[in-house]
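Structure first, commentary second.
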Amino acid sequence: SQGYQVFAVCSPGKWVNDIEKEGISVKTIKLTRKMLSPISDLTAFAKLFFYFKKEKFDIVHVHTPKAEVYGQIAAKFARVPVILNTLHGFGSDLPSSVPSWQKNLYLLLQKISGKCSSVVFSISRDIIEKAKKHGVFSSDKLKYLGRDIDIERFNHQKYSDEFILEKKKALGINPDKKVIGVVARLVVEKGYLELFEAFKKVVLKFPKALLLIVGPEEPEKRDGITKNTAKDYGIENNVIFLGERNDTEEIYPLMDIFVLPSHREGLGAAILEASAMARPVVSTKIGGIPEAVDDGKTGLLVPVKDSDSLAKAMIFLLENPKIAKEMGYLGREKVIREFDKKIVLERLGSEYEKLIQKSLDLQFEENWLKRHSRAAIDKGEDYEMLISLSKGFENYKIYFFDYFKKNIKENNQNRFLLDIGCGLGYYCDIFAKKGFSVYGVDYAPEIINLAKEAVKNSSVNFQTANIYNLPFANN
């Protein structure tokens with residue numbers, strides 16, 4: 001948690017207990033996946049608002065379309081200081097089954113809720129470009145985050161040949177069979193129909209080939225498919241459906257090739273997981289997938305809804321196991337280099353620190369102004385103007401009183417100032433300009449680096465430290 005007290009809000013479901021086991025407090029508020037459900041959505045919005053207001057969160061970070069819209073607006077109304085949104089897709093990429101007027105409505109709602117965002121993260125650069133193109137968010141709010149993958153959990157080196165043989169035996173997979181695997185919900189937009197058509201051609205070339213499918217059925221979706229769909233293609237004897245699994249890290253090693261022929265994809269977490277497991281990937285040239293797969297290096301990309309090209313790619317990798325193996329190794333290297341969760345979470349944590357510090361500085365300034373500045377003017381007290389704020393509180397000025405002036409200016413002949421928890425160094429800069437020798441310390445190296453960038457005054461000495469280990473001779 002990196003020093004944060006973490007709460008989660010989600011719909012009721014089987015994952016709630018798993019989240020709570022991680023020490024996270026969970027509030028269940030039902031958010032339907034249906035595009036339009038006014039009564040349910042307004043109920044959820046009201047519950048979110050009252051929950052945020054009650055808990056007085058410093059940060060609310062939302063994911064998925066419904067939470068993006070209703071969560072951010074509720075947080076804004078509840079006066080949450082920092083509101084973050086992570087885009088896993090974009091409104092214009094909604095399924096083809098969604099009418100155009102609903103897509104346009106969602107884009108409008110994204111634009112409205114986006115005004116509440118402190119920062120809008122994206123898991124892919126493709127999503128950022130689409131957001132800019134449609135003008136939904138201001139460019140200065142959009143930041144690339146990436147997708148975090150646990151490279152220790154998804155590590156093929158943990159699994160021996162003996163383990164793989166035993167796992168195959170437990171699942172009824174003949175060890176002599178070539179296995180092509182897919183991990184995705186059973187819906188048309190994941191490219192299953194093209195995959196089934198392409199796999200028919202694979203079976204003609206490799207009669208013992210097996211298609212291993214991991215993912216839940218979603219009968220409530222318009223484009224949902226079932227196990228019986230494979231029968232329509234005559235491949236049911238070469239297909240195993242495993243359903244939804246929580247041990248996918250043990251399933252990927254069973255695959256010779258991983259395939260995901262999606263019609264739309266923000267980035268593709270399953271693709272990155274498979275690559276982390278050193279599996280070669282066959283996927284489509286759509287959305288953020290080309291950022292996850294280096295075509296010709298870590299896998300092969302084919303046009304969307306092109307079963308012929310899909311079949312050729314899978315057959316090529318089955319016929320060239322050395323090339324496939326090399327692609328798998330390069331894929332893991334790519335994930336370690338670009339998508340290791342440590343890298344992504346460090347990127348996120350740095351943004352959290354900056355936004356919290358900015359929020360705290362602004363709140364302090366606002367509260368100080370309300371308590372003292374106006375009171376000083378109204379009572380006619382003697383004061384000295386210290387700083388005029390150019391952002392956020394343009395109509396106010398900050399003043400310091402006689403007592404403060406005397407104790408700082410007259411009794412401190414050496415004019416030293418130590419600012420513990422200096423944040424971005426605003427006040428360090430002010431006092432340095434007034435002739436003080438200023439030392440600014442903060443426990444977070446990232447904050448100190450930002451302070452050094454923000455404060456160009458070379459006389460300020462910034463250091464990473466805490467109050468028990470100050471970096472000065474006379475602590």
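- One finds no salt bridge joining Glu319 and Lys178 here, because no Lys/Arg side-chain nitrogen approaches an Asp/Glu carboxylate oxygen to under 4.0 Å.
- Dense packing is recorded around NZ of Lys141, with more than 12 heavy atoms of other residues, nucleotides or ligands lying under 6.0 Å away.
- Across all their heavy atoms, Thr226 and Phe241 have their closest contact at O-CZ, 4.5 Å.
- Side-chain contact between Leu87 and Val120 is present, with at least one heavy-atom pair separated by less than 4.5 Å.
- Checking side-chain atoms of Asp256 against main-chain N and O of Ile180 turns up no donor-acceptor pair under 3.5 Å.
- In this structure, Lys66 contributes its side chain and Thr32 its backbone to a donor-acceptor pair below 3.5 Å.
- Every residue meeting the side chain to side chain contact (heavy atoms under 4.5 Å, CB included) condition with Tyr144, not counting sequence neighbours, appears here in chain and number order: Arg125, Ile128, Glu291, Phe339, Arg347.
- The backbone N or O of Leu109 lies less than 3.5 Å from a partner atom in the side chain of Ser113, making a donor-acceptor pair.
- With a 4.5 Å cut-off on side-chain heavy atoms, Leu142 and Lys132 count as touching.
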query: After noting the C-alpha distance and the side-chain angles of Leu195 and Leu211, does the key distance pass the side chain to side chain contact (heavy atoms under 4.5 Å, CB included) rule?
result: CA-CA 10 Å; Leu195 177 58; Leu211 182 60; 4.1 Å; yes
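- For the pair Ser350 (side chain) and Glu346 (backbone), a donor-acceptor distance under 3.5 Å is absent.
- For Val6 against Ile24, the heavy-atom pair with the smallest separation is O-CG2, 3.7 Å.
- A donor-acceptor distance shorter than 3.5 angstrom exists from the side chain of Arg279 to the backbone of Met255, with no hydrogens or angles considered.
- Summarising the local packing, CD of Glu220 is surrounded by more than 12 heavy atoms from other residues, nucleotides or ligands at distances under 6.0 Å.
- Applying the side-chain hydrogen bond (donor to acceptor under 3.5 Å, both in side chains) rule to Asp308 yields the partners Lys201; only residues at least two apart in sequence or on another chain are considered.
- Nearest heavy-atom pair across Lys111 and Gly135 is CE-O, 3.4 Å.
- A search for ring pair (Phe, Tyr, Trp, His ring centres under 6.0 Å) contacts involving Tyr192 returns Phe196, not counting sequence neighbours.
- Residues Lys54 and Phe50 are not in side-chain contact: their nearest non-hydrogen atoms beyond the backbone lie 4.5 Å or more apart.
- With sequence neighbours left out, the side-chain hydrogen bond (donor to acceptor under 3.5 Å, both in side chains) criterion links Glu446 to no other residue.
- Using a 4.5 Å heavy-atom threshold, the side chains of Arg245 and Ile251 count as touching.
- Annotation: side chain to side chain donor-acceptor pair (under 3.5 Å) contacts involving residues 327-340, sequence neighbours excluded, comprise Asp294-Lys334, Lys334-Glu338.
- For the atom pair CG of Asp58 and CG of Leu355, the computed distance is 12.0 Å after rounding to the nearest 0.5 Å.
- The shortest side-chain heavy-atom distance between Val441 and Phe462 does not fall under the 4.5 Å cut-off.
- Residues satisfying the ring pair (Phe, Tyr, Trp, His ring centres under 6.0 Å) criterion with Phe57, sequence neighbours excluded, are Phe7, Tyr51.
- Val16 is listed as a side-chain neighbour of Thr28, based on a closest heavy-atom distance under 4.5 Å.
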- Task: Could you check Val304 against Lys285 for side chain to side chain contact (heavy atoms under 4.5 Å, CB included), going step by step and ending with a plain yes or no?
- Result: CA-CA 7 Å; Val304 178; Lys285 298 176 185 176; 5.9 Å; no
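- Contacts of Phe121 classified as ring pair (Phe, Tyr, Trp, His ring centres under 6.0 Å), with partners at least two apart in sequence or in another chain: His61.
- Remark: Ser40 OG to Leu31 CG distance equals 7.5 Å, nearest 0.5 Å.
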Practice problem: Carefully, step by step, assess Ser124 and Asp126 under the rule side chain to side chain donor-acceptor pair (under 3.5 Å). | Solution: CA-CA 5 Å; Ser124 73; Asp126 175 76; 4.8 Å; no
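- Take Tyr159 and apply the ring pair (Phe, Tyr, Trp, His ring centres under 6.0 Å) test, not counting sequence neighbours, and it matches Phe163.
- At least one side-chain heavy atom of Val239 sits less than 4.5 Å from a side-chain heavy atom of Ile213.
- Residues that satisfy the side-chain hydrogen bond (donor to acceptor under 3.5 Å, both in side chains) test with His63, not counting sequence neighbours, are His88.
- Among residues two or more places apart in sequence or in another chain, the side chain to side chain contact (heavy atoms under 4.5 Å, CB included) test is passed with Ala209 by Phe199, Val202, Phe206.
- Scanning for side chain to side chain contact (heavy atoms under 4.5 Å, CB included) contacts around Arg153 gives Asp150, Thr248, Glu249, with sequence neighbours left out.
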For this session: Using the side chain to side chain donor-acceptor pair (under 3.5 Å) rule, take Glu194 and His263 through it: C-alpha gap first, then chi angles, then the decisive distance, then the call.
Result: CA-CA 10 Å; Glu194 295 82 41; His263 299 173; 2.8 Å; yes
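- Across all non-hydrogen atoms, the minimal contact from Ala198 to Met314 is CB-CE, 3.7 Å.
- The nearest pair of heavy atoms linking Asp41 to Tyr70 is OD2-OH, 3.3 Å.
- In this structure, the side chains of Ser118 and Gln72 stay at 4.5 Å or more apart for every pair of heavy atoms.
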List the steps, then state whether side chain to side chain contact (heavy atoms under 4.5 Å, CB included) holds for Phe154 with Leu272.
CA-CA 9 Å; Phe154 294 99; Leu272 296 176; over 6 Å; no
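- Separation of atoms CZ (Phe316) and CG (Asn320) is listed at 4.5 Å; rounding is to 0.5 Å.
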**Request:** Take Met277 and Glu273 through the side chain to side chain contact (heavy atoms under 4.5 Å, CB included) test and state the conclusion after the steps.
**Result:** CA-CA 6 Å; Met277 296 297 295; Glu273 291 171 358; 5.7 Å; no
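- More than 12 non-hydrogen atoms from other residues, nucleotides or ligands lie less than 6.0 angstrom from NZ of Lys158.
- Under the 3.5 Å distance criterion, the side-chain polar atoms of Ser117 are left unmatched by any main-chain donor or acceptor of Leu84.
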Worksheet item: Going through the checks in order, is the salt bridge (charged side-chain N to carboxylate O under 4.0 Å, His left out) test met by Arg185 and Glu218?
Response: CA-CA 7 Å; Arg185 298 174 294 115; Glu218 294 193 344; 2.9 Å; yes
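- To the nearest 0.5 Å, the span separating CG on Leu310 from NZ on Lys312 amounts to 11.5 Å.
- Qualifying side chain to side chain contact (heavy atoms under 4.5 Å, CB included) partners for Ser262, counting only residues two or more places apart in sequence or in other chains: Lys190, Leu260, Glu265, Thr284, Ile289.
- Distance CG/Leu212 to CD1/Ile257: 13.0 Å, rounded to 0.5 Å.
- To the nearest 0.5 Å, the span separating NZ on Lys143 from CG on Leu348 amounts to 12.0 Å.
- Minimum interatomic distance between Gly266 and Ile127 (heavy atoms only, all atoms of both residues): CA-CD1, 4.0 Å.
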